[in-house]
Protein chains: 2
Amino acid sequence: MSESGTKQVKQSVLADFKVGVDTVIFSVDTEGNRILVLLVKREDEPFLKYWGLPGTLVRNGESLEDAAHRVLVEKIRVNNLYVEQLYTFGGPGRDPRELPESFGVRYLSVSYFALVRFAEAQLIAEGMSGIAWYAINKLPQLAFDHNQIVEYGYRRLRNKLEYSPVAFDVLPEVFTLSDLYQFYMTVLGENFSDYSNFRTRLLKLGFLADTGVKVTRGAGRPASLYRFDSDAFAPLKDKPLVFI
Amino acid sequence: MSESGTKQVKQSVLADFKVGVDTVIFSVDTEGNRILVLLVKREDEPFLKYWGLPGTLVRNGESLEDAAHRVLVEKIRVNNLYVEQLYTFGGPGRDPRELPESFGVRYLSVSYFALVRFAEAQLIAEGMSGIAWYAINKLPQLAFDHNQIVEYGYRRLRNKLEYSPVAFDVLPEVFTLSDLYQFYMTVLGENFSDYSNFRTRLLKLGFLADTGVKVTRGAGRPASLYRFDSDAFAPLKDKPLVFI
DNA sequence: TCAAAAGTGTTACGGATACACCCATGT
DNA sequence: ACATGGGTGTATCCGTAACACTTTTGA
């Protein structure tokens with residue numbers, strides 16, 4: 001950041017910003033075969049009563065991550081989650097609070113991506129439930145440029161899943177291979193892989209430990225419960241891996 | 001000092017930001033077999049006389065991309081380049097100008113990633129050449145957290161190259177397959193692929209058009225000049241592609 | 001004629017795909 | 001006993017890796 005100006009203008013032309021953090025919180029409902037996004041109904045202008053992403057403005061002494069975490073904790077109670085930064089949207093005019101041509105304060109949004117476990121996620125109803133999960137393919141018109149942000153996050157979700165072990169951050173401690181398969185099916189679509197091939201591939205990678213415990217769900221042969229062995233995974237870290 | 005009040009908290013606790021844009025500008029020197037990063041010597045505090053990334057603070061009415069572009073144009077003259085957003089660093093205290101505990105203005109940096117053609121890049125010497133290419137493996141201690149940003153950008157460079165056709169944004173209009181190979185070699189390292197296999201794979205993808213023109217460089221059989229056919233590439237867009 | 005650079009061909013291996021099949025349980 | 005879901009095996013295909021070979025030029 002070298003503000004290379006030699007003039008006096010220096011201060012006057014620099015834009016003043018408030019920085020917002022908006023988080024696309026995903027969860028995967030394998031039963032319902034849906035990907036869900038957490039939305040909140042806005043109680044302030046602008047975009048009053050529109051649905052939008054959970055977000056907040058960054059406070060004094062607070063890091064971006066802290067702010068993202070604060071919003072998350074306000075809206076939802078979870079034990080397991082995965083968070084990472086997504087993209088920063090900062091063009092002038094993206095927030096109606098910036099009066100056109102006024103050179104007032106600008107609003108910049110750093111978006112975050114989060115993945116939580118659907119089954120255990122408890123929404124914290126504020127007032128009369130201005131908070132809800134929406135299927136990603138049935139989103140309403142959102143406030144600001146939030147539709148665009150969700151779209152961006154969705155691409156990231158699929159990418160992350162294919163190349164990194166995020167799934168295990170969000171699955172229970174132990175799970176069956178069918179659970180895992182269902183999870184991937186839901187996110188990546190019907191035709192990503194055959195079950196039996198998925199199975200062999202994953203097991204060959206060697207970081208899924210069979211606990212020996214069997215679980216039976218209705219009819220059918222009982223399934224083994226597996227555990228993600230992060231030690232066994234460690235050496236594979238940042239190697240190009242495909243989880244397809 | 002921002003007006004502090006424990007009451008109408010809402011307004012008073014929000015941090016005020018200046019937003020900076022820092023760009024990691026890469027070029028690939030295939031002759032010298034080096035990856036280069038463009039650095040500028042700071043002429044202001046903080047970090048006076050340290051080398052750092054070209055950057056600026058965002059002005060009124062200016063988008064982040066505009067700011068990134070403005071800096072680029074100030075430092076370097078190029079025809080071809082590729083630019084994309086990298087990451088946003090915004091923790092409190094990352095800039096010494098934020099007085100500790102003062103709740104003064106915060107400095108947030110949105111970093112960008114750029115790739116330019118080395119051969120045609122002309123550095124715009126300001127004063128006595130406070131601007132230079134540095135080999136990525138021989139960087140000095142940089143201002144702020146810029147070493148970290150470069151590291152992040154370097155990862156992105158290699159990734160981009162493997163999975164997307166950025167190379168062609170930065171190669172001449174026509175080039176030999178050896179040129180292309182040298183380029184990949186330089187970025188991805190000695191052991192990424194055999195030349196002949198690289199060759200067959202790339203040609204099979206079908207978006208490299210042989211111009212028929214031959215060029216000869218010293219001894220050896222003349223090489224065909226190829227052109228990147230963006231129409232032929234279009235259908236492959238956003239399909240998972242490996243350029244290795 | 002020989003070295004250097006460009007370009008072609010060939011073989012072997014390993015992973016992915018598409019199945020067919022076997023196993024254990026509930027009803 | 002049979003439907004249901006879990007789990008195993010196998011034949012085939014195709015991309016990749018390794019490397020030998022041919023072609024065309026300059027010196």
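The chains referred to below are lettered A, B, ... by the order of the sequence lines, with proteins before strands, and numbering in each begins at 1.
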Set out, in order, the CA-CA distance, both residues' side-chain angles and the distance that settles side chain to side chain donor-acceptor pair (under 3.5 Å) for A:Thr56 and A:Arg70, then state yes or no.
CA-CA 9 Å; A:Thr56 189; A:Arg70 176 162 54 82; 3.3 Å; yes

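Residue whose closest nucleotide on DNA chain D sits further toward the 5' end, between A:Asp179 and B:Asp194: A:Asp179.
Distance from the side chain of B:Leu177 is smallest to C:dG7 among C:dA18, C:dA4, C:dG7. For A:Ala223, whose side chain is taken as the heavy atoms from C-beta onward, the closest listed nucleotide among C:dG7, D:dG7, C:dT17 is D:dG7. Each of C:dG26, D:dG7, C:dT17 was ranked by its minimum atom distance to the side chain of A:Arg201; first place goes to C:dT17. For A:Asn197, counting side-chain heavy atoms from C-beta on, the closest listed nucleotide (C:dT17, C:dT25, D:dA17) is C:dT17. Taking only side-chain atoms of A:Arg221, from C-beta outward, the nucleotide of D:dT25, C:dT17, C:dC23 with the closest atom is C:dC23.
A close approach under 4.0 Å does occur between a side-chain nitrogen or oxygen of A:Tyr195 and OP1 or OP2 of D:dG7. In this model, the phosphate group of C:dG7 is not approached by any side-chain N or O of B:Ser196 to a distance below 4.0 Å at OP1 or OP2.
Counting any heavy atom pair closer than 4.0 Å across all strands shown, B:Ser224 reaches sugar-phosphate atoms only and no base atom. Among the atoms of the strands shown, none is found under 4.0 Å from any heavy atom of B:Thr200.
Taking the ring centroids of A:Tyr152 and A:Phe113, they lie at or beyond the 6.0 Å cut-off. Proximity of the aromatic rings of B:Tyr87 and B:Phe89 is defined here by a centroid distance below 6.0 angstrom, and this criterion is met. Checked against the 6.0 Å centroid criterion, the rings of A:Phe207 and A:Phe228 qualify as a close aromatic pair.
In this structure, B:Leu225 places its CG atom 9 Å from P of C:dG7, rounding to the nearest Å. The separation between A:Leu202 atom CG and D:dG6 atom P is 15 Å, rounded to whole Å. Following rounding to the nearest Å, B:Arg199 (CZ) and C:dA6 (C1') show an atom-to-atom distance of 7 Å.
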